[in-house]
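Data first, discussion second: the structure below is written as C-alpha coordinates.
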Amino acid sequence: MASPSALTSQSDDFPRWYQDVVAKAEMADNGPVRGTMVIRPYGYALWERIQAEMDARIKVAGAQNAYFPLFIPQSYFAREAEHVEGFSPELAVVTYAGGEELAEPVVVRPTSETVIGEFMAKWIQSYRDLPLLLNQWANVVRWELRPRLFLRSSEFLWQEGHTAHDSYEDAAAYAMRIHLEVYYDFLANVMAVPAYVGIKSPRERFAGAINSLTCEGMMRDGKALQMSTSHELGQNFARAFNIVYQNESGQSELCHTTSWGASTRLVGGLIMAHGDDRGLIVPPRLAPIQAVIIAVRDEPEVLEACASIDARLRDGGVSTALDRGRGSFGRRVTDWEIKGVPLRIEVGPRDLAGGVVTMVRRDDGSKHVVALDRLATTCQGLLEEQQRALFNVALARRDDATTDVTSVDEAIEAAQTGFARMAWDQIGELGEARLNEVAVSVRCIQRADGTTPVSPDEPDLVAIVAKSY
RNA sequence: CGGGCUGUAGCGCAGUUUGGUUAGCGCGCUGCGUUCGGGACGCAGAGGUCCCCGGUUCAAAUCCGGGCAGCCCGACCA
(Lines give C-alpha, C1' and ligand atoms only; values in the text may rest on other atoms or scores of the structure.)
Protein backbone atom coordinates (compact mmCIF):
# COMPACT_ATOMS: atom_id res chain seq x y z
CA MET A 1 0.00 0.00 0.00
CA ALA A 2 1.38 3.39 -0.92
CA SER A 3 1.98 5.54 2.11
CA PRO A 4 2.23 9.32 1.95
CA SER A 5 5.81 10.05 1.15
CA ALA A 6 8.19 11.37 3.76
CA LEU A 7 10.77 12.13 1.11
CA THR A 8 10.98 13.76 -2.27
CA SER A 9 10.88 10.90 -4.77
CA GLN A 10 14.03 10.04 -6.71
CA SER A 11 12.36 10.55 -10.06
CA ASP A 12 11.04 13.94 -8.96
CA ASP A 13 14.34 15.47 -7.92
CA PHE A 14 17.27 13.18 -7.15
CA PRO A 15 19.51 15.77 -5.42
CA ARG A 16 16.61 16.84 -3.24
CA TRP A 17 15.85 13.19 -2.42
CA TYR A 18 19.50 12.80 -1.35
CA GLN A 19 19.31 15.83 0.94
CA ASP A 20 16.06 14.58 2.42
CA VAL A 21 17.58 11.19 3.21
CA VAL A 22 20.66 12.72 4.83
CA ALA A 23 18.45 14.94 7.00
CA LYS A 24 15.65 12.54 7.87
CA ALA A 25 17.87 9.54 8.50
CA GLU A 26 19.76 11.86 10.87
CA MET A 27 23.08 11.27 9.14
CA ALA A 28 24.60 14.75 8.93
CA ASP A 29 24.07 18.48 9.13
CA ASN A 30 25.86 21.39 7.55
CA GLY A 31 28.52 22.88 9.80
CA PRO A 32 28.66 26.57 10.68
CA VAL A 33 31.44 27.27 8.21
CA ARG A 34 30.28 26.83 4.66
CA GLY A 35 31.29 23.48 3.25
CA THR A 36 31.87 21.84 6.60
CA MET A 37 29.89 18.88 7.83
CA VAL A 38 28.64 17.64 11.16
CA ILE A 39 28.37 13.86 11.05
CA ARG A 40 25.58 12.73 13.34
CA PRO A 41 25.67 9.45 15.30
CA TYR A 42 23.88 7.35 12.69
CA GLY A 43 26.04 8.67 9.86
CA TYR A 44 29.13 8.14 11.96
CA ALA A 45 28.08 4.60 12.88
CA LEU A 46 27.97 3.82 9.16
CA TRP A 47 31.41 5.35 8.73
CA GLU A 48 32.73 3.31 11.65
CA ARG A 49 31.51 0.14 9.95
CA ILE A 50 33.22 1.20 6.72
CA GLN A 51 36.38 1.93 8.69
CA ALA A 52 36.31 -1.39 10.49
CA GLU A 53 35.92 -3.41 7.30
CA MET A 54 38.53 -1.48 5.35
CA ASP A 55 40.98 -1.31 8.22
CA ALA A 56 40.91 -5.08 8.59
CA ARG A 57 41.64 -5.51 4.86
CA ILE A 58 44.40 -2.92 4.95
CA LYS A 59 46.08 -4.79 7.77
CA VAL A 60 45.79 -8.08 5.93
CA ALA A 61 47.60 -6.35 3.07
CA GLY A 62 50.40 -5.64 5.52
CA ALA A 63 50.13 -1.89 6.09
CA GLN A 64 50.40 -0.42 9.58
CA ASN A 65 48.51 2.55 10.93
CA ALA A 66 50.35 5.70 11.95
CA TYR A 67 49.54 9.38 12.29
CA PHE A 68 51.11 12.42 10.67
CA PRO A 69 50.46 16.11 11.42
CA LEU A 70 47.55 18.16 10.16
CA PHE A 71 49.84 21.13 9.51
CA ILE A 72 52.30 20.90 6.66
CA PRO A 73 55.01 23.44 5.75
CA GLN A 74 53.93 25.22 2.60
CA SER A 75 57.34 24.68 1.06
CA TYR A 76 56.75 20.92 0.95
CA PHE A 77 54.11 21.34 -1.70
CA ALA A 78 56.41 23.29 -3.95
CA ARG A 79 58.76 20.33 -4.28
CA GLU A 80 56.58 18.32 -6.66
CA ALA A 81 55.46 20.54 -9.53
CA GLU A 82 52.30 18.75 -10.65
CA HIS A 83 51.25 18.09 -7.09
CA VAL A 84 51.41 21.76 -6.09
CA GLU A 85 49.67 22.80 -9.27
CA GLY A 86 46.87 20.31 -8.74
CA PHE A 87 46.19 21.19 -5.15
CA SER A 88 46.89 24.90 -4.78
CA PRO A 89 43.37 26.05 -5.73
CA GLU A 90 41.82 24.13 -2.83
CA LEU A 91 44.42 24.65 -0.13
CA ALA A 92 43.58 26.25 3.22
CA VAL A 93 46.67 28.06 4.46
CA VAL A 94 47.35 29.34 7.96
CA THR A 95 49.33 32.58 7.89
CA TYR A 96 48.59 33.84 11.38
CA ALA A 97 48.94 31.87 14.58
CA GLY A 98 50.01 32.32 18.16
CA GLY A 99 49.24 35.99 17.88
CA GLU A 100 51.58 36.74 15.02
CA GLU A 101 52.20 36.41 11.31
CA LEU A 102 54.01 33.12 10.58
CA ALA A 103 57.43 33.23 8.97
CA GLU A 104 56.43 30.31 6.75
CA PRO A 105 52.74 29.74 6.08
CA VAL A 106 51.38 26.36 7.11
CA VAL A 107 49.06 24.35 4.90
CA VAL A 108 46.19 22.36 6.37
CA ARG A 109 46.73 18.95 4.77
CA PRO A 110 44.70 18.20 1.67
CA THR A 111 46.59 14.87 1.46
CA SER A 112 49.84 13.73 3.06
CA GLU A 113 52.23 12.57 0.32
CA THR A 114 54.59 15.40 1.17
CA VAL A 115 54.92 15.08 4.95
CA ILE A 116 54.97 11.33 4.80
CA GLY A 117 57.55 11.47 2.02
CA GLU A 118 59.76 13.59 4.25
CA PHE A 119 59.65 10.99 7.00
CA MET A 120 59.98 8.03 4.70
CA ALA A 121 63.23 9.59 3.55
CA LYS A 122 64.36 9.69 7.16
CA TRP A 123 63.31 6.17 8.05
CA ILE A 124 64.45 4.32 4.95
CA GLN A 125 68.13 3.50 4.75
CA SER A 126 68.48 0.06 3.27
CA TYR A 127 66.62 -2.31 1.00
CA ARG A 128 65.94 -4.19 4.22
CA ASP A 129 63.61 -1.35 5.27
CA LEU A 130 61.44 -1.96 2.22
CA PRO A 131 58.66 -2.17 1.53
CA LEU A 132 57.49 0.45 4.02
CA LEU A 133 53.71 0.16 4.25
CA LEU A 134 51.85 2.91 6.12
CA ASN A 135 48.26 3.98 6.47
CA GLN A 136 46.58 6.76 8.39
CA TRP A 137 43.00 7.57 9.30
CA ALA A 138 42.64 11.32 9.32
CA ASN A 139 40.71 14.41 8.35
CA VAL A 140 41.77 16.45 5.34
CA VAL A 141 40.82 19.87 4.03
CA ARG A 142 40.14 20.75 0.42
CA TRP A 143 38.33 24.06 0.11
CA GLU A 144 35.14 23.48 -1.85
CA LEU A 145 32.96 26.05 -3.57
CA ARG A 146 30.02 23.73 -4.25
CA PRO A 147 29.75 21.51 -1.20
CA ARG A 148 27.35 18.61 -0.72
CA LEU A 149 27.12 16.59 2.46
CA PHE A 150 29.38 13.50 2.30
CA LEU A 151 30.03 13.89 -1.43
CA ARG A 152 32.04 17.06 -1.42
CA SER A 153 32.86 18.96 1.75
CA SER A 154 35.71 21.25 2.67
CA GLU A 155 36.77 18.92 5.45
CA PHE A 156 36.26 15.19 5.25
CA LEU A 157 37.48 11.98 6.86
CA TRP A 158 39.42 9.35 5.03
CA GLN A 159 42.07 6.73 5.07
CA GLU A 160 45.27 7.39 3.16
CA GLY A 161 47.85 4.71 2.57
CA HIS A 162 51.44 5.53 1.63
CA THR A 163 54.04 2.98 0.72
CA ALA A 164 57.63 2.84 -0.51
CA HIS A 165 59.11 -0.02 -2.53
CA ASP A 166 62.41 -1.01 -4.07
CA SER A 167 61.10 -1.46 -7.60
CA TYR A 168 58.48 -0.18 -9.97
CA GLU A 169 57.04 -3.69 -10.25
CA ASP A 170 56.66 -4.13 -6.52
CA ALA A 171 55.03 -0.72 -6.10
CA ALA A 172 52.65 -1.27 -9.00
CA ALA A 173 51.73 -4.72 -7.70
CA TYR A 174 51.00 -3.32 -4.25
CA ALA A 175 48.81 -0.53 -5.60
CA MET A 176 46.93 -3.17 -7.58
CA ARG A 177 46.62 -5.38 -4.52
CA ILE A 178 45.05 -2.56 -2.48
CA HIS A 179 42.81 -1.66 -5.40
CA LEU A 180 41.45 -5.21 -5.64
CA GLU A 181 41.78 -6.76 -2.19
CA VAL A 182 40.87 -3.73 -0.11
CA TYR A 183 38.65 -1.49 -2.18
CA TYR A 184 37.00 -3.69 -4.78
CA ASP A 185 36.50 -6.47 -2.28
CA PHE A 186 35.01 -4.17 0.34
CA LEU A 187 32.70 -2.53 -2.19
CA ALA A 188 31.47 -5.80 -3.64
CA ASN A 189 31.23 -7.97 -0.55
CA VAL A 190 30.29 -5.51 2.16
CA MET A 191 28.78 -2.49 0.47
CA ALA A 192 27.16 -4.56 -2.29
CA VAL A 193 28.32 -2.11 -4.95
CA PRO A 194 29.59 -3.73 -8.16
CA ALA A 195 32.23 -1.20 -9.11
CA TYR A 196 33.75 -0.76 -12.51
CA VAL A 197 37.49 -1.01 -12.05
CA GLY A 198 40.22 0.42 -14.19
CA ILE A 199 42.79 3.15 -14.54
CA LYS A 200 42.29 6.88 -14.92
CA SER A 201 42.98 8.63 -18.20
CA PRO A 202 46.07 10.85 -18.07
CA ARG A 203 43.74 13.82 -17.81
CA GLU A 204 41.94 12.48 -14.75
CA ARG A 205 45.02 11.16 -13.00
CA PHE A 206 46.03 12.25 -9.48
CA ALA A 207 48.31 15.28 -9.39
CA GLY A 208 51.80 13.81 -9.24
CA ALA A 209 50.98 10.19 -10.07
CA ILE A 210 52.16 8.14 -13.03
CA ASN A 211 49.10 5.90 -12.91
CA SER A 212 45.84 5.98 -10.93
CA LEU A 213 43.58 2.97 -10.32
CA THR A 214 39.94 3.61 -9.54
CA CYS A 215 36.71 1.94 -8.48
CA GLU A 216 33.70 3.65 -10.02
CA GLY A 217 30.24 2.97 -8.68
CA MET A 218 26.97 3.65 -10.48
CA MET A 219 24.44 5.68 -8.54
CA ARG A 220 20.71 5.22 -9.01
CA ASP A 221 20.44 8.33 -11.15
CA GLY A 222 22.94 6.80 -13.58
CA LYS A 223 25.86 9.01 -12.57
CA ALA A 224 29.25 7.70 -11.52
CA LEU A 225 30.93 8.12 -8.18
CA GLN A 226 34.64 7.51 -7.70
CA MET A 227 34.69 5.33 -4.62
CA SER A 228 38.42 4.73 -4.21
CA THR A 229 41.73 5.56 -5.81
CA SER A 230 45.13 3.90 -5.72
CA HIS A 231 48.09 5.68 -7.23
CA GLU A 232 51.43 4.60 -8.56
CA LEU A 233 53.58 7.63 -7.85
CA GLY A 234 56.65 6.26 -9.59
CA GLN A 235 59.74 8.06 -8.35
CA ASN A 236 58.18 11.53 -8.46
CA PHE A 237 57.84 11.93 -4.72
CA ALA A 238 60.95 9.90 -3.97
CA ARG A 239 62.90 12.37 -6.08
CA ALA A 240 61.23 15.40 -4.50
CA PHE A 241 61.76 14.16 -0.95
CA ASN A 242 64.94 12.20 -1.46
CA ILE A 243 63.51 8.85 -0.50
CA VAL A 244 66.51 6.63 -1.25
CA TYR A 245 67.79 3.26 -0.12
CA GLN A 246 70.99 1.28 -0.50
CA ASN A 247 70.51 -1.84 -2.59
CA GLU A 248 72.19 -5.17 -1.97
CA SER A 249 75.29 -4.09 -3.81
CA GLY A 250 75.59 -0.90 -1.79
CA GLN A 251 74.37 1.58 -4.39
CA SER A 252 71.85 4.31 -3.62
CA GLU A 253 68.55 4.07 -5.46
CA LEU A 254 65.31 6.03 -5.47
CA CYS A 255 62.25 4.33 -4.02
CA HIS A 256 59.00 3.84 -5.88
CA THR A 257 56.00 5.02 -3.87
CA THR A 258 52.24 4.56 -3.89
CA SER A 259 49.30 6.22 -2.22
CA TRP A 260 45.66 5.18 -1.97
CA GLY A 261 42.56 6.44 -0.27
CA ALA A 262 38.83 6.20 0.36
CA SER A 263 36.74 8.70 2.26
CA THR A 264 33.45 9.55 3.92
CA ARG A 265 32.24 10.09 0.38
CA LEU A 266 31.52 6.36 0.53
CA VAL A 267 28.63 7.15 2.86
CA GLY A 268 27.17 9.33 0.11
CA GLY A 269 27.80 6.50 -2.33
CA LEU A 270 25.97 4.09 -0.07
CA ILE A 271 22.94 6.35 -0.03
CA MET A 272 22.84 6.82 -3.79
CA ALA A 273 23.81 3.29 -4.84
CA HIS A 274 21.00 1.48 -3.02
CA GLY A 275 18.50 4.00 -1.65
CA ASP A 276 14.91 4.10 -2.87
CA ASP A 277 11.89 6.36 -2.41
CA ARG A 278 11.51 5.11 1.15
CA GLY A 279 15.04 6.12 2.08
CA LEU A 280 18.38 4.50 2.69
CA ILE A 281 18.97 0.78 2.17
CA VAL A 282 21.97 -0.51 4.10
CA PRO A 283 23.44 -3.89 3.13
CA PRO A 284 23.31 -6.23 6.14
CA ARG A 285 27.08 -6.73 6.38
CA LEU A 286 27.58 -2.98 6.64
CA ALA A 287 24.59 -2.15 8.82
CA PRO A 288 25.28 -0.85 12.34
CA ILE A 289 21.74 -2.02 13.10
CA GLN A 290 20.84 -5.18 11.20
CA ALA A 291 17.41 -5.76 12.67
CA VAL A 292 14.97 -3.59 14.56
CA ILE A 293 12.44 -5.24 16.81
CA ILE A 294 9.24 -3.25 16.78
CA ALA A 295 6.70 -3.61 19.55
CA VAL A 296 3.44 -3.09 17.71
CA ARG A 297 1.80 -2.02 20.95
CA ASP A 298 3.17 -0.51 24.11
CA GLU A 299 1.91 -3.36 26.32
CA PRO A 300 3.76 -5.38 28.97
CA GLU A 301 3.42 -8.82 27.31
CA VAL A 302 4.53 -7.45 23.97
CA LEU A 303 7.47 -5.55 25.43
CA GLU A 304 8.57 -8.58 27.37
CA ALA A 305 8.49 -10.73 24.25
CA CYS A 306 10.46 -8.07 22.35
CA ALA A 307 13.15 -7.92 25.02
CA SER A 308 13.61 -11.67 24.94
CA ILE A 309 13.70 -11.74 21.14
CA ASP A 310 16.27 -8.94 21.21
CA ALA A 311 18.45 -10.87 23.64
CA ARG A 312 18.27 -14.06 21.58
CA LEU A 313 19.19 -12.30 18.38
CA ARG A 314 22.13 -10.56 20.01
CA ASP A 315 23.33 -13.93 21.27
CA GLY A 316 23.02 -15.12 17.70
CA GLY A 317 25.38 -12.37 16.55
CA VAL A 318 22.82 -9.99 15.06
CA SER A 319 23.14 -6.31 15.91
CA THR A 320 19.73 -5.05 16.92
CA ALA A 321 17.71 -2.08 18.06
CA LEU A 322 14.57 -2.26 20.13
CA ASP A 323 11.61 0.03 19.37
CA ARG A 324 9.40 0.15 22.41
CA GLY A 325 6.13 1.05 20.88
CA ARG A 326 5.83 4.73 21.68
CA GLY A 327 4.14 6.69 18.94
CA SER A 328 2.10 5.35 16.07
CA PHE A 329 3.13 2.13 14.38
CA GLY A 330 3.22 3.60 10.89
CA ARG A 331 5.42 6.46 11.89
CA ARG A 332 7.94 4.19 13.57
CA VAL A 333 8.05 1.86 10.60
CA THR A 334 8.70 4.77 8.28
CA ASP A 335 11.48 6.15 10.44
CA TRP A 336 13.34 2.83 10.47
CA GLU A 337 12.86 2.45 6.74
CA ILE A 338 14.40 5.86 6.10
CA LYS A 339 17.43 4.71 8.09
CA GLY A 340 17.65 1.64 5.88
CA VAL A 341 17.73 -1.01 8.62
CA PRO A 342 17.77 -4.33 6.69
CA LEU A 343 15.26 -6.29 8.72
CA ARG A 344 12.20 -5.18 10.67
CA ILE A 345 10.78 -7.65 13.16
CA GLU A 346 7.20 -6.83 14.07
CA VAL A 347 5.95 -8.25 17.34
CA GLY A 348 2.30 -7.74 18.21
CA PRO A 349 -0.44 -9.52 20.13
CA ARG A 350 -1.56 -11.35 16.99
CA ASP A 351 1.95 -12.67 16.39
CA LEU A 352 2.42 -13.77 19.96
CA ALA A 353 -0.93 -15.56 20.00
CA GLY A 354 0.33 -17.65 17.09
CA GLY A 355 3.83 -18.12 18.49
CA VAL A 356 5.40 -16.22 15.59
CA VAL A 357 6.88 -12.88 14.61
CA THR A 358 6.70 -11.04 11.29
CA MET A 359 9.99 -10.22 9.57
CA VAL A 360 10.08 -7.66 6.76
CA ARG A 361 13.01 -7.14 4.43
CA ARG A 362 13.94 -3.56 3.70
CA ASP A 363 15.08 -4.15 0.11
CA ASP A 364 11.96 -5.77 -1.34
CA GLY A 365 9.41 -5.31 1.44
CA SER A 366 8.70 -9.04 1.56
CA LYS A 367 7.05 -10.30 4.74
CA HIS A 368 8.02 -13.54 6.46
CA VAL A 369 6.07 -15.12 9.27
CA VAL A 370 8.62 -16.88 11.45
CA ALA A 371 8.09 -19.30 14.33
CA LEU A 372 9.71 -18.12 17.55
CA ASP A 373 11.90 -21.21 17.79
CA ARG A 374 13.46 -20.47 14.40
CA LEU A 375 14.16 -16.82 15.08
CA ALA A 376 17.91 -16.57 14.94
CA THR A 377 18.57 -18.85 12.00
CA THR A 378 15.82 -17.31 9.88
CA CYS A 379 17.05 -13.85 10.71
CA GLN A 380 20.60 -14.76 9.65
CA GLY A 381 19.26 -16.35 6.50
CA LEU A 382 17.20 -13.34 5.50
CA LEU A 383 20.15 -11.04 6.12
CA GLU A 384 22.40 -13.14 3.93
CA GLU A 385 19.82 -13.37 1.16
CA GLN A 386 19.36 -9.64 1.27
CA GLN A 387 23.09 -9.01 1.07
CA ARG A 388 23.28 -11.14 -2.08
CA ALA A 389 20.13 -9.66 -3.56
CA LEU A 390 21.35 -6.09 -3.15
CA PHE A 391 24.55 -6.86 -5.03
CA ASN A 392 22.74 -8.74 -7.78
CA VAL A 393 20.13 -6.04 -8.23
CA ALA A 394 22.81 -3.35 -8.33
CA LEU A 395 24.80 -5.40 -10.84
CA ALA A 396 21.80 -5.90 -13.11
CA ARG A 397 20.94 -2.22 -12.86
CA ARG A 398 24.52 -1.29 -13.71
CA ASP A 399 24.69 -3.60 -16.71
CA ASP A 400 21.28 -2.50 -17.99
CA ALA A 401 22.35 1.14 -17.78
CA THR A 402 25.67 0.57 -19.54
CA THR A 403 25.52 0.97 -23.31
CA ASP A 404 28.18 -0.09 -25.80
CA VAL A 405 28.78 2.74 -28.25
CA THR A 406 31.10 3.48 -31.14
CA SER A 407 31.21 7.26 -31.25
CA VAL A 408 31.70 10.18 -28.88
CA ASP A 409 28.25 11.52 -29.76
CA GLU A 410 26.62 8.24 -28.82
CA ALA A 411 28.66 8.18 -25.62
CA ILE A 412 27.38 11.63 -24.69
CA GLU A 413 23.84 10.53 -25.34
CA ALA A 414 24.18 7.34 -23.29
CA ALA A 415 25.77 9.30 -20.46
CA GLN A 416 22.59 11.32 -19.99
CA THR A 417 20.96 8.35 -18.31
CA GLY A 418 23.75 5.89 -17.57
CA PHE A 419 27.21 4.76 -18.59
CA ALA A 420 28.72 4.32 -22.03
CA ARG A 421 31.43 1.82 -22.94
CA MET A 422 33.61 2.58 -25.93
CA ALA A 423 36.98 1.65 -27.36
CA TRP A 424 39.54 3.85 -25.63
CA ASP A 425 41.66 4.43 -28.69
CA GLN A 426 38.60 5.74 -30.57
CA ILE A 427 38.08 8.51 -28.04
CA GLY A 428 41.53 10.04 -27.90
CA GLU A 429 42.48 13.37 -26.40
CA LEU A 430 40.10 15.23 -28.65
CA GLY A 431 37.16 13.00 -27.84
CA GLU A 432 37.85 13.31 -24.13
CA ALA A 433 37.90 17.09 -24.41
CA ARG A 434 34.56 17.01 -26.24
CA LEU A 435 33.07 14.85 -23.48
CA ASN A 436 34.29 17.23 -20.82
CA GLU A 437 32.69 20.18 -22.58
CA VAL A 438 29.29 18.67 -21.83
CA ALA A 439 30.09 17.55 -18.28
CA VAL A 440 30.78 13.94 -19.26
CA SER A 441 34.06 12.25 -18.49
CA VAL A 442 36.10 9.09 -18.93
CA ARG A 443 35.59 7.45 -15.55
CA CYS A 444 38.01 4.63 -16.10
CA ILE A 445 39.81 2.61 -18.72
CA GLN A 446 39.67 -1.15 -18.49
CA ARG A 447 40.33 -4.32 -20.43
CA ALA A 448 37.57 -5.79 -22.55
CA ASP A 449 36.94 -8.39 -19.85
CA GLY A 450 36.42 -5.68 -17.24
CA THR A 451 39.69 -6.15 -15.39
CA THR A 452 42.18 -3.42 -14.55
CA PRO A 453 45.05 -2.95 -17.00
CA VAL A 454 48.53 -2.16 -15.76
CA SER A 455 49.04 0.69 -18.20
CA PRO A 456 47.04 2.79 -20.65
CA ASP A 457 49.28 1.45 -23.40
CA GLU A 458 47.80 -2.05 -23.37
CA PRO A 459 45.99 -2.80 -26.64
CA ASP A 460 42.20 -3.01 -27.04
CA LEU A 461 41.24 -1.14 -23.88
CA VAL A 462 37.74 0.20 -23.35
CA ALA A 463 36.65 3.38 -21.59
CA ILE A 464 33.70 3.71 -19.23
CA VAL A 465 32.18 7.11 -19.83
CA ALA A 466 29.62 8.88 -17.64
CA LYS A 467 28.52 11.97 -15.82
CA SER A 468 29.96 12.01 -12.36
CA TYR A 469 29.76 13.43 -8.89
C1' C B 1 34.85 38.39 -11.24
C1' G B 2 29.61 39.43 -13.90
C1' G B 3 24.18 38.94 -13.50
C1' G B 4 19.74 37.63 -10.61
C1' C B 5 17.47 36.59 -5.86
C1' U B 6 16.88 36.07 -0.51
C1' G B 7 17.68 37.26 4.94
C1' U B 8 10.98 37.10 9.82
C1' A B 9 10.60 30.91 15.82
C1' G B 10 14.64 24.72 15.23
C1' C B 11 13.08 23.98 9.68
C1' G B 12 9.93 25.80 5.54
C1' C B 13 7.34 30.20 4.60
C1' A B 14 3.32 34.49 4.63
C1' G B 15 3.17 39.55 5.95
C1' U B 16 6.81 44.54 3.18
C1' U B 17 3.69 47.09 -2.67
C1' U B 18 -0.21 51.06 0.61
C1' G B 19 4.11 52.26 7.94
C1' G B 20 -0.54 51.66 12.71
C1' U B 21 -2.82 47.88 18.91
C1' U B 22 -0.33 41.85 21.11
C1' A B 23 4.02 39.76 13.94
C1' G B 24 1.22 35.07 11.76
C1' C B 25 0.84 29.92 9.31
C1' G B 26 2.62 24.68 8.45
C1' C B 27 6.01 21.11 10.32
C1' G B 28 8.82 20.20 14.63
C1' C B 29 9.12 20.79 20.22
C1' U B 30 6.76 20.40 25.75
C1' G B 31 2.51 18.56 28.94
C1' C B 32 -2.06 15.70 29.52
C1' G B 33 -5.49 12.32 27.39
C1' U B 34 -7.26 9.07 23.60
C1' U B 35 -4.53 6.15 20.05
C1' C B 36 -0.92 2.33 17.96
C1' G B 37 -0.70 -4.33 12.43
C1' G B 38 1.87 1.51 7.20
C1' G B 39 3.63 8.80 8.35
C1' A B 40 -2.80 9.32 14.36
C1' C B 41 -5.93 12.98 16.91
C1' G B 42 -7.84 16.49 20.67
C1' C B 43 -6.86 20.15 24.28
C1' A B 44 -3.26 23.21 26.61
C1' G B 45 1.64 25.43 26.09
C1' A B 46 6.87 27.06 25.06
C1' G B 47 9.66 29.42 21.50
C1' G B 48 11.15 36.05 17.93
C1' U B 49 17.83 41.25 18.47
C1' C B 50 11.78 40.50 11.97
C1' C B 51 20.45 39.97 9.31
C1' C B 52 23.37 44.55 11.22
C1' C B 53 24.16 49.99 11.64
C1' G B 54 22.22 54.67 10.75
C1' G B 55 18.15 57.91 9.00
C1' U B 56 12.79 59.61 8.18
C1' U B 57 8.30 59.45 11.36
C1' C B 58 3.89 60.36 16.78
C1' A B 59 4.81 55.22 15.02
C1' A B 60 9.32 50.93 10.97
C1' A B 61 9.53 43.73 9.66
C1' U B 62 7.34 47.46 6.18
C1' C B 63 10.06 53.72 3.68
C1' C B 64 15.43 55.74 2.69
C1' G B 65 21.04 55.18 2.92
C1' G B 66 25.12 52.08 4.02
C1' G B 67 27.03 47.36 5.42
C1' C B 68 27.12 41.96 6.17
C1' A B 69 25.69 37.00 5.06
C1' G B 70 23.66 33.24 2.06
C1' C B 71 21.51 31.01 -2.49
C1' C B 72 21.04 30.42 -7.98
C1' C B 73 23.05 31.14 -13.01
C1' G B 74 27.46 32.25 -15.76
C1' A B 75 32.91 32.47 -15.82
C1' C B 76 37.22 30.04 -13.65
C1' C B 77 39.20 25.33 -11.77
C1' A B 78 39.41 19.76 -11.94
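Reckoned from all heavy atoms, side chains included, excluding hydrogens, waters and symmetry mates. Residue numbers begin at 1 in each chain, while the letters A, B, ... track the order of the sequences.
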- When the C1' atoms of B:G48 and B:G15 are considered, how many whole Å apart are they? 15 Å
- Query: Is there a side-chain contact between A:K200 and A:F206 (heavy atoms, below 4.5 Å)?
  - Reply: no
- Answer yes or no: is there a side-chain heavy-atom contact under 4.5 Å between A:M272 and A:Y18? yes
- Task: Starting at atom CG of A:D323, determine the distance to atom P of B:G38, rounded to an integer number of angstrom.
- Result: 14 Å
- Residue-level proximity of residues 352-359 of chain A to RNA chain B when a heavy atom falls under 4.0 Å: A:T358
- Note on the structure: Hits for side-chain hydrogen bond (donor to acceptor under 3.5 Å, both in side chains) against A:E432, two or more places apart or cross-chain, chain-then-number order -> A:S201
- Item | Pairwise 5' ranking along RNA chain B for A:G365 and A:R146, keeping only the more 5' one | A:G365
- Task: Answer with base, sugar-phosphate or nothing: what part of the nucleic acid does A:N436 contact at a heavy-atom distance below 4.0 Å?
- Result: nothing
- Note on the structure: The salt bridge (charged side-chain N to carboxylate O under 4.0 Å, His left out) partners of A:D323 (sequence neighbours excluded) come to A:R332
- Message: Using atom C1' in both nucleotides, what's the gap between B:U62 and B:G20 to the nearest angstrom?
- Response: 11 Å
- Message: Closest approach to the side chain of A:R344, judged atom by atom: which nucleotide of B:A75, B:G37, B:G38 is it?
- Response: B:G38
- Query: B:C51 and B:U16: how far apart are their C1' atoms, nearest whole angstrom?
  - Reply: 16 Å
- Message: With rounding to the closest Å, how many angstrom separate the P atoms on B:C53 and B:G12?
- Response: 23 Å
- For A:G86, report the nucleic acid contact type (base, sugar-phosphate, nothing); a contact means any heavy atom under 4.0 Å. nothing
- Query: Is B:A60 paired to anything, Watson-Crick or G-U wobble with both distances less than 3.5 Å, and if yes, which nucleotide?
  - Reply: none
- Item | Protein-nucleotide distance (A:R297, atom CZ; B:A40, atom C1'), rounded to Å | 13 Å
- Task: Grab the CZ-C1' distance between A:R16 and B:C72 for me, whole Å please.
- Result: 15 Å
- Are A:S407 and A:D409 linked by a side-chain donor-acceptor pair shorter than 3.5 Å? no
- How would you list, by chain and number, every residue that makes a side-chain hydrogen bond (donor to acceptor under 3.5 Å, both in side chains) with A:E385, sequence neighbours excluded? A:R361
- Query: With sequence neighbours excluded, what pairs up with A:R16 under the salt bridge (charged side-chain N to carboxylate O under 4.0 Å, His left out) test?
  - Reply: none
- Message: So if I take every side-chain heavy atom of A:P89 and compare against B:C77, B:G38, B:C36, which nucleotide ends up nearest?
- Response: B:C77
- Message: For the C1' atoms, the ones on B:A14 and on B:A23, what distance do you get once it is rounded to whole angstrom?
- Response: 11 Å
- Query: Whom does B:C13 pair with, Watson-Crick or G-U wobble, provided both distances fall under 3.5 Å?
  - Reply: B:G24
- Between CD of A:E437 and C1' of B:A75 the distance, given in whole Å, is 15 Å
- Across every strand shown, the nucleotide meeting Watson-Crick or G-U wobble geometry with B:A46 (both distances under 3.5 Å) is none
- Item | No-H, no-angle donor-acceptor pair, A:R332 side chain to B:G37 base, under 3.5 Å | no
- Message: Rounding to an integer number of Å, can you tell me how far A:R326 CZ sits from B:U30 P?
- Response: 12 Å
- Atom CD of A:E299 and atom P of B:C36 are separated, to the nearest Å, by 9 Å
- Item | A:L435 CG - B:A78 P separation (whole Å) | 17 Å
- Query: B:A69 pairs with which nucleotide, Watson-Crick or G-U wobble, both distances below 3.5 Å?
  - Reply: B:U6
- Task: Any strand is fair game: report the nucleotide pairing with B:G38 by Watson-Crick or G-U wobble, both distances under 3.5 Å, or none.
- Result: none
Contacts under 3.5 angstrom, residues 35-47 of chain A side chains, donor-acceptor by atom type, not counting sequence neighbours:
from  : atom 1 : to     : atom 2 : distance (Å)
A:T36 : OG1    : A:V33  : O      : 2.6
A:Y42 : OH     : A:K339 : O      : 2.6

- A:R331 side chain, from C-beta outward: closest of B:G38, B:A40, B:G37: B:A40
- Query: Separation of A:H83 atom NE2 from B:A78 atom C1', in whole Å?
  - Reply: 15 Å
- Atom C1', compared across B:A78 and B:G3: separation rounded to whole Å: 25 Å
- Message: In whole Å, measure the gap between the P atoms of B:G74 and B:G65 for me.
- Response: 31 Å
- Distance flag, aromatic centroids of A:H83 and A:F77, threshold under 6.0 Å: yes
- N or O in side chain of A:S328 less than 4.0 angstrom from B:A40 OP1/OP2: yes
- Query: In whole Å, what separates the C1' atom of B:A46 from that of B:C27?
  - Reply: 16 Å
